[in-house]
Chemist: 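Here's a structure for you.
Note that the structure is a prediction, hence the values are computed from the model and not measured. Here is the naming used below: chain letters follow the sequence lines, and residue numbers restart at 1 for every chain.
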Number of protein chains: 2
Amino acid sequence: MERKQPLSGKVRLTEVAQLAGVSPITASRFFRNPNALSAGKRERVESAAKELGYVPNLAARALASHRSEVIGVLIPSLTNNVFADMLRGVYDASDGGRYSVQLANTRYSNFQEERLLRIFHGQKPAGLIVTGINQTPESRAVMRNMNCPIVQVMEIGPEPIDMMVGFSHSDAAFAAVSHLIERGYTRIGFVGARMDPRGQRRFDGYRDAMKAASLFNQRYVITTLSPSTVPLGGILLSDLVTKAPDIDAVFCINDDIALGVLFECQRRQIAVPEQLAIVGFNDLEFMGSAVPSLTSVRTNRYEMGRKAIEMLTAAMDGHPPQERVVDLGFEIMARGSSLPRRT
Amino acid sequence: MERKQPLSGKVRLTEVAQLAGVSPITASRFFRNPNALSAGKRERVESAAKELGYVPNLAARALASHRSEVIGVLIPSLTNNVFADMLRGVYDASDGGRYSVQLANTRYSNFQEERLLRIFHGQKPAGLIVTGINQTPESRAVMRNMNCPIVQVMEIGPEPIDMMVGFSHSDAAFAAVSHLIERGYTRIGFVGARMDPRGQRRFDGYRDAMKAASLFNQRYVITTLSPSTVPLGGILLSDLVTKAPDIDAVFCINDDIALGVLFECQRRQIAVPEQLAIVGFNDLEFMGSAVPSLTSVRTNRYEMGRKAIEMLTAAMDGHPPQERVVDLGFEIMARGSSLPRRT
DNA sequence: TGCCCAAATGACACCGCTACCATTTTTTGA
DNA sequence: TCAAAAAATGGTAGCGGTGTCATTTGGGCA
């Protein structure tokens, strides 16, 4: 007696072809390019596949075709909300499609990134999403070898490997600091943690804006390489007010730091924004709820993920997008923590 | 015609074996079970692989061996920090090992969960991690069919499908509310959002603790099915104080809600904890930094992910753990927002 | 009607690795 | 010392699809 395996799929393409009365290769074509079959065979194969509950063996397909249907995604951190938001866009946009997402975590290490890229290279992915624009020459070499569309996300810059979706972190930071200057603040501090390449460029934007207004002063700057957390924001503010008690505003490298700064101000009874204005970066959901509500720079992280997948799938399907670099921009969300300074 | 692709540097197992002076099958064994080789050949194969930069072709391996080296992970949300923390543990523990992680997002939908399980089923994963204990009978049936070790994470309960790592959400909530009662609070509200199965059980813990002290009052409860966010915490508190102005404490279903509640208190000039004590759940990093610092229930989310992978790999390697249900417990982190009530 | 070209279909080999079993070498023990 | 058992190694045959042709079929047009 025959043991039925309704889900484990002992059904191969050959069985489908047999039932449909065609050759295996024709059945194979049905799944890759249905329009290549005549209407009659198309229907026969379709119903045969359905009847048998055929599930293609992806490993066999990948082996024979020299390509998988995997989109590799490299991000530096899973903890950071910013990447989680982007990932959500990636998963939402790829959901239901034929490509599956394979995630890998570089932990902000170029060495890890290179290693992971080599692994992906071995899998022959259909597409690749990498974070940022600061890949090592070796990483770039591996990617150029990979023979699949690639999108760099989170930021844009010159010399895309293939495609890009993001925004200019330095422009965004420049705009945020300019906002503070317009509002009448002059002794504006910079509070930075992690200082990854994007953080670095936010600092550049801060510095340029300050220099443009002849307000730059190294004393106002405090940074650390430690991962940014809310508690760290408090610690850094403490250090900064010790070092530069005259500051009247701070631009924080991200919202976690900004929240830590706000809490530290509450603890020290520093009035926000009367004694110290605060501006964050990313506009996480809590920024609008804080007391006072915190000014931040909105970035379209979810859209970045979506757009990256859209560009990738378009390219994989043979329609590479016209615009290879997409700027999703940013928006200054002016709130209570940066009200115009009272003179 | 030659079918060979000019794919640069295509190193196959055969090349490695040739350089090492062994047969391909021996080289193959090196990667699966190095101890099966004699010391001399083991070293030769190892250095040959390194020299050529060999990367195994996973598709070929999966096809030939009838099993993939993929661990499927099903989580309900990418936005929620709680799952991101667990995932970090998963990725950290599986990093460098032979298994790769395949993530899928159920979006809190049983239907999606079922669908994704069927897809995983077709890929013959080496192991599976699913969130929670509320799978539908259909989902459980698919999993039982899957013939691989399975770990349910985030909570524990009766009737594990295979293995479990987590803690009791109702016990944790019970302890948190008991903490408030011990500190002298009596009119304790419950602020809940999303109300997924785990949220539901936290409510159960709250209700049981209140009933045990004869303090339960439906008026003190406010819940919504909307996803929990910081702003929502503020809105819900507003509703609650309107409905029950006499409350002297709130137990929040998670820390995001708790933060929103704190901000709303600051906005309304409600003194914390003098007029209203606050307790959250999960102990996210910002809880200790807030002003006042916020009491919460620490849960070992990162450890959950790690442990799940450890149990899975142990089982896959033929050493199923003795304890099939692991309770990682919780800890009440008593802070400023729940100081003993002044009488 | 006949010719030609494009569309539809099929034959065959092979992708890179491992299961299975056969064979050789080494170790063990009486 | 030598046979038997164990360990190490190798040969063969696919796993389940698809690339690359070659071949058949069908339709348009002079």
Chemist: Whole Å only: how far is the CG atom of B/L58 from the P atom of C/dC17?
Modeler: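 One finds 10 Å between P of C/dC17 and CG of B/L58, rounded.
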Chemist: Side chain of A/R32: nearest nucleotide among D/dG11, D/dG19, D/dG17?
Modeler: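 My answer, after comparing the listed nucleotides, is D/dG19.
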Chemist: Using OP1 and OP2 only, check whether a side-chain N or O of A/R67 sits under 4.0 Å from D/dG19.
Modeler: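 A/R67 to D/dG19 OP1/OP2: side-chain N or O found under 4.0 Å.
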Chemist: Under 4.0 Å between any heavy atoms, over every strand shown, what does B/A62 touch: base, sugar-phosphate, or nothing? Just pick one.
Modeler: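 No contact at all - B/A62 keeps every heavy atom at 4.0 Å or more from the nucleic acid.
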Chemist: Does C/dT9 have OP1 or OP2 under 4.0 Å away from a side-chain N or O of A/K41?
Modeler: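 Yes.
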Chemist: Is there a donor-acceptor pair under 3.5 Å between the side chain of A/N57 and the backbone N or O of A/A60?
Modeler: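 Here the side-chain-to-backbone pair exists.
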Chemist: Closer than 4.0 Å, any side-chain N/O of B/S38 to the OP1 or OP2 of D/dT9?
Modeler: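 Yes, B/S38 has a side-chain N/O under 4.0 Å of OP1/OP2 on D/dT9.
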Chemist: Check whether any side-chain nitrogen or oxygen of A/Y54 sits under 4.0 Å from OP1 or OP2 of D/dG17, and answer yes or no.
Modeler: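 It does, given that an N or O in the side chain of A/Y54 lies less than 4.0 Å from OP1 or OP2 of D/dG17.
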Chemist: Using a heavy-atom cut-off of 4.0 Å across all strands, would you classify B/R42 as base, sugar-phosphate, or nothing?
Modeler: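 Nothing: the residue B/R42, judged by heavy atoms under 4.0 Å, touches no strand.
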Chemist: Looking at every strand, decide which applies to A/A59 at a 4.0 Å heavy-atom threshold: base, sugar-phosphate, or nothing.
Modeler: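 A/A59: no heavy atom of the nucleic acid under 4.0 Å.
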Chemist: B/Q18 has an atom CD; how far is it from atom P of D/dG10, in whole Å?
Modeler: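 Taking CD of B/Q18 and P of D/dG10, I get 13 Å after rounding.
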Chemist: Which one, C/dA11, C/dC17, D/dT9, comes nearest to the side chain of B/L37?
Modeler: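 Of all the options, the side chain of B/L37 is nearest to D/dT9.
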Chemist: Between B/S23 and D/dG11, is there a contact of a side-chain N or O with OP1 or OP2 at under 4.0 Å?
Modeler: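 Looking at the OP1 and OP2 atoms of D/dG11, neither is under 4.0 Å from any side-chain N or O of B/S23.
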Chemist: Please give, in whole Å, the distance from C/dT18 C1' to B/N33 CG?
Modeler: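 Between C1' of C/dT18 and CG of B/N33: 14 Å.
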Chemist: Closest approach to the side chain of A/H66, judged atom by atom: which nucleotide of D/dG10, C/dT18, C/dC15 is it?
Modeler: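 When the side chain of A/H66 is considered, C/dC15 is the closest of D/dG10, C/dT18, C/dC15.
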Chemist: Expressed in angstrom and rounded to an integer, what is the separation of B/R12 atom CZ from C/dC14 atom P?
Modeler: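 B/R12 atom CZ is separated from C/dC14 atom P by 12 Å.
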Chemist: Between D/dT18 atom P and A/F31 atom CZ, what is the distance in whole Å?
Modeler: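 It is 9 Å, rounded to the nearest whole Å.
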Chemist: Out of C/dT18, C/dG10, C/dG16, which has the shortest distance to the side chain of A/L63?
Modeler: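 Of the options given, the side chain of A/L63 lies nearest C/dG16.
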Chemist: Looking at D/dT18, C/dG16, C/dT18, which one has an atom nearest to any side-chain atom of B/I25?
Modeler: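 Of all the options, the side chain of B/I25 is nearest to C/dT18.
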Chemist: Enter the distance from A/L116:CG to A/H121:NE2 here, rounded to the nearest 0.5 Å.
Modeler: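 Result: 14.5 Å between the selected atoms.
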Chemist: Does the pair B/R144/B/D162 count as a salt bridge with the N-to-O cut at 4.0 Å?
Modeler: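 Salt bridge: no.
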Chemist: Does the side chain of A/T106 reach to within under 4.5 Å of the side chain of A/F111, using non-hydrogen atoms?
Modeler: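 They are not in contact (no side-chain heavy atoms under 4.5 Å apart), so the answer is no.
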Chemist: For B/A64 and for B/P24, find the nucleotide of DNA chain D with the closest heavy atom, then tell me which residue's nucleotide is more 5'.
Modeler: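 Between the two, 5'-proximity favours B/P24.
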Chemist: For B/V90 and B/I71, run side chain to side chain contact (heavy atoms under 4.5 Å, CB included): C-alpha distance rounded to whole Å, both residues' side-chain angles, the deciding distance at 0.1 Å, then the answer.
Modeler: CA-CA 10 Å; B/V90 163; B/I71 294 175; over 6 Å; no
Chemist: Side chain of A/T26 only, heavy atoms from C-beta on: which candidate in C/dG10, C/dG16, C/dA19 is closest?
Modeler: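 Shortest atom-to-atom distance from the side chain points to C/dG10.
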Chemist: Looking only at side-chain atoms of B/S65, point me to the closest of C/dG16, C/dA19, D/dG16.
Modeler: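 Of the options given, the side chain of B/S65 lies nearest C/dA19.
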Chemist: Is the NZ or CZ atom of A/R194 both under 6.0 Å from the centre of the six-membered ring of A/Y108 and within 45° of that ring's axis?
Modeler: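 Here A/R194 passes the 6.0 Å and 45° test against A/Y108.
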Chemist: Find which nucleotide of DNA chain C each of B/A60 and B/R29 is nearest to by heavy atoms, and output the residue with the more 5' nucleotide.
Modeler: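 The answer here is B/A60.
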